[in-house]
Amino acid sequence: MVSFNKRVGTFIFEKSIMFLSIFLGLLYEKYNTRMNNEAIAAIFKRIANLLEIKGENRFKVLAYRRAAESIHSISTDLIEFDEQELMQFPAIGKAIAGKIQELNRTGKLEFLEKLEQEIPPTLIDLLELQDIGHKKAALFWKEVGITTIEELEIAARAGRLQNLPGMGEKSEGRILKRIEEKKASIKRFPINVVFEIAKDWKTRLEKFQGVHRIEIAGSLRRILPTIGDLDLVGIAEENESVMDFFTSQREVAEILSSGTNKSSIMLSNGVRIQLWLQSKERFGSLLQFVTGSKAHNIRLREFALKKGLSLSEHGFVTKDLKEILCPLEVDVYATLGLAFIPPELREDKGEIPAAERQELPNLIERSNILSDLHIHTIWSDGSHHITEMALSAENRGLEAIAITDHTPASFKQCNHNFISLDSLDKQKMEIDSIQKSLSSPLTILKGIEVEILSDGKLDFPDEVLSELDIVLASIHTNLDDSKANITRRLINAIQNPHVDIIGHPSGREYPFEGIEADWDEVFKAAADCDTALEINSNPLHLDLNEQRAARAVELGAWLAINSDAHSSKDLDNMDFGIGIARRAWLEPDRFINTWSTGELISWLKERG
DNA sequence: GCCGTTTTCGGCCCGACTGTTTTCAGTCG
């Protein structure tokens with residue numbers, strides 16, 4: 001009997017493996033018919049890491065890294081371009097263009113395959129540990145034969161690392177600590193999580209005696225969708241006491257470093273905070289430096305060198321060693337003859353040459369936004385009544401809002417509450433009554449967030465949609481549909497004359513990065529049909545992302561930035577969406593919710 | 001390997017902090 005059970009068990013195991021293989025094969029076919037830009041960028045990043053461990057010329061490493069970053073920010077599929085066209089993109093020269101073409105042609109790269117035979121690719125994982133760079137990784141591999149994090153842990157526990165050159169007991173202990181942290185930690189956090197922590201620490205530090213100023217810098221100031229570290233910069237009378245206060249707060253799990261100018265802590269929830277202090281007359285340089293990005297700072301310093309100036313977080317130094325101090329951030333750019341570059345643009349994507357030509361875009365701002373066209377209430381899964389949402393919108397200076405609750409189909413997969421077809425008339429009556437009772441000129445539009453079904457049809461019939469002021473159509477269900485089907489579903493919705501906006505088009509919900517579609521086709525259809533596409537400001541969505549938003553506008557589509565608020569506080573999420581639009585270099589004129597209510601309503605009516 | 005207001009070769013950002021050293025290399029931002 002035991003033997004029979006064992007045989008049955010083995011049989012089931014073997015069959016499971018067989019089906020798993022078939023499944024993985026199908027997955028591969030479904031998603032890997034050709035290389036997307038993200039995959040190509042990852043390959044060049046991988047090459048950079050391997051070359052660095054190998055000890056290759058650091059500028060060659062930098063070239064691959066810059067190419068990876070450049071490719072990451074390109075929204076059009078690279079497969080569309082020939083070698084000459086590829087070389088027009090920044091950081092892509094003849095060699096890398098050739099490699100991109102080989103990847104597109106064969107799905108493989110001989111150069112990488114050879115490199116991976118020389119250097120164990122699992123060494124790259126070691127670089128993800130804080131405090132381990134390429135030199136240490138190479139040392140552990142060459143001297144101890146370590147190729148994985150697991151082997152590193154075993155060696156550290158056995159004390160086999162502390163006698164290596166440059167290593168000691170402390171470094172060995174630190175490595176074990178970093179391995180433990182990696183096992184437990186989430187590396188990046190959604191922007192809103194870090195934003196709340198930042199506000200709290202800013203207030204706390206500003207109240208401390210002798211602190212004159214604390215500002216949020218780093219990737220949070222540049223409005224990246226996810227944040228690794230929180231950077232704070234400040235001015236204080238006496239740095240040491242502030243740093244002591246900073247590193248001795250009760251949530252501090254570990255002091256990563258502590259100095260008079262810079263300290264770094266890890267909170268018990270895994271968030272790392274760095275505090276930088278500087279004198280008042282040098283504060284502008286520090287704020288500029290800590291805001292980053294790294295790539296922007298390197299470019300800016302190279303630009304400064306060409307003008308005979310060495311730039312650091314302390315200010316400028318001329319060739320004859322005279323200092324130029326910058327109390328304000330704007331002074332840094334002005335000294336170089338540049339227009340002030342808003343933080344969201346500082347990614348080394350051409351912002352420095354544009355600032356030199358005084359041709360930076362006139363970026364969209366909060367004050368341009370007059371309406372919020374995606375709001376939920378207790379009629380579906382929101383937590384506040386229509387009245388509460390209307391009053392909160394009024395307090396924020398909005399001129400119009402759209403109430404857009406979920407339809408039943410989204411409930412099936414997402415467990416949302418929903419508004420039924422029968423309830424829709426009751427909701428309309430409630431809106432009419434609230435509208436009459438409002439003392440301000442706020443307009444409440446009757447809307448819906450209608451689900452785009454698997455076959456591309458909508459969850460409510462056309463005659464129902466035609467009687468609403470505004471219709472937002474979104475995908476929440478069957479997100480694992482094929483790329484071709486997703487594209488078809490989105491375009492079907494776009495072409496429906498009653499649909500005004502496509503909500504969070506890619507279905508991104510952190511950490512899920514969203515569905516694949518033929519975005520150029522989707523954007524062209526949206527432009528043809530005058531259907532707007534949303535930049536959803538919910539910090540877990542932030543969808544469209546910056547690359548796609550920029551591409552959609554390039555292809556002529558209208559956009560709308562909406563909060564997707566499920567509570568009155570969520571209306572403030574709008575700032576995150578505006579940040580994404582600014583990161584995409586977008587100006588107010590392509591956003592339908594910068595229009596006056598009158599203009600908006602006539603646009604909606606014209607569309608039917 | 002890329003790039004050009006020093007343009008087809010020679011240069012490619014700069015400083016704080018740590019842990020190891022005994023003046024500095026490695027890592028990070």
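Scope of the values below: all heavy atoms of this structure, side chains included, with no hydrogens, waters or symmetry mates. So that the names make sense, note that chain A is the first sequence line, chain B the second, and so on, each numbered from 1.
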For the side chain of [X], starting at C-beta, report the closest nucleotide among [options].
| X | options | result |
| --- | --- | --- |
| A:Arg272 | B:dT27, B:dC28, B:dC14 | B:dC28 |
| A:Thr260 | B:dG29, B:dG26, B:dC17 | B:dC17 |
| A:Ser171 | B:dG19, B:dT27, B:dC14 | B:dG19 |
| A:Ala63 | B:dG1, B:dC14, B:dG29 | B:dG1 |
| A:Lys99 | B:dT27, B:dG1, B:dA16 | B:dG1 |

Using the [atom1] atoms only, state how far [M] lies from [N], rounded to an integer number of Å.
| N | M | atom1 | answer |
| --- | --- | --- | --- |
| B:dC12 | B:dA16 | C1' | 22 Å |
| B:dT21 | B:dT27 | P | 15 Å |
| B:dT8 | B:dC2 | C1' | 12 Å |
| B:dC28 | B:dT23 | P | 26 Å |
| B:dG1 | B:dT5 | C1' | 23 Å |
| B:dC9 | B:dG15 | P | 32 Å |
| B:dC17 | B:dC13 | P | 22 Å |
| B:dT6 | B:dG11 | P | 14 Å |

Exercise for review: Decide if atom CZ of A:Arg366 counts as having more than 12 heavy atoms of other residues, nucleotides or ligands within a radius under 6.0 Å.
Suggested key: yes
I want to check one thing: is the phosphate of [N], taken as OP1 and OP2, less than 4.0 Å away from some side-chain N or O of [X]?
| X | N | value |
| --- | --- | --- |
| A:Ser264 | B:dC28 | no |
| A:Lys60 | B:dG1 | yes |
| A:His296 | B:dC13 | no |

Classify the nucleic acid contact of [X] as base, sugar-phosphate or nothing, counting any heavy atom under 4.0 Å across all strands shown.
| X | answer |
| --- | --- |
| A:Pro90 | sugar-phosphate |
| A:Leu311 | sugar-phosphate |
| A:Phe289 | base |
| A:Arg299 | nothing |
| A:Gln278 | nothing |
| A:Ser293 | nothing |

Interatomic distance, [X] [atom1] vs [N] [atom2] [rounded to whole Å]:
| X | N | atom1 | atom2 | result |
| --- | --- | --- | --- | --- |
| A:Arg221 | B:dG29 | CZ | P | 19 Å |
| A:Leu164 | B:dT21 | CG | P | 11 Å |
| A:Ile175 | B:dG19 | CD1 | C1' | 12 Å |
| A:Glu313 | B:dC28 | CD | P | 17 Å |
| A:Leu286 | B:dC14 | CG | P | 17 Å |
| A:Lys170 | B:dA25 | NZ | C1' | 17 Å |
| A:Gln274 | B:dC17 | CD | C1' | 11 Å |
| A:Leu139 | B:dG26 | CG | C1' | 11 Å |

Between [X] and [Y], does at least one N-O distance fall below 4.0 Å, as a salt bridge requires?
| X | Y | result |
| --- | --- | --- |
| A:Glu196 | A:Lys199 | yes |
| A:Glu206 | A:Lys202 | yes |
| A:Lys349 | A:Glu546 | yes |
| A:Arg299 | A:Glu351 | no |
| A:Glu52 | A:Lys45 | no |

Review point. Between A:Phe246 and A:Phe208, does the ring centre distance come in under 6.0 Å?
Key: no
Point to revise | Worked verdict on A:Asn269 versus A:Glu251 for side chain to side chain contact (heavy atoms under 4.5 Å, CB included) | key: CA-CA 8 Å; A:Asn269 61 9; A:Glu251 310 99 299; over 6 Å; no
Check your understanding: Mapping A:Asp229 and A:Met87 onto DNA chain B by nearest heavy atom, which one lands closer to the 5' end?
Key -> A:Met87
Study note, to complete from the structure: Assert: residue with more 5' nearest nucleotide on DNA chain B, out of A:Asp231 and A:Gly93, is A:Gly93
Review point. A:Met167 and side-chain contact (heavy atoms from CB on, under 4.5 Å): which partner among A:Lys136, A:Gln162, A:Glu143?
Key: A:Lys136
**Study point:** Check: B:dG29 base within 3.5 Å donor-acceptor of A:Lys294 side chain
**Key:** yes
Practice item. May I ask which nucleotide in the shown strands pairs with B:dT8, Watson-Crick or G-U wobble, both distances under 3.5 Å? Key: none
Point to revise | For A:Glu359, all residues meeting salt bridge (Lys or Arg N to Asp or Glu O under 4.0 Å), sequence neighbours excluded | key: A:Arg357
Under 3.5 Å, which N/O atoms of the protein pair with N/O atoms of nucleotides 4-12 of chain B?
residue : atom : partner  : partner atom : Å
B:dC12  : O3'  : A:Glu302 : OE2          : 3.1

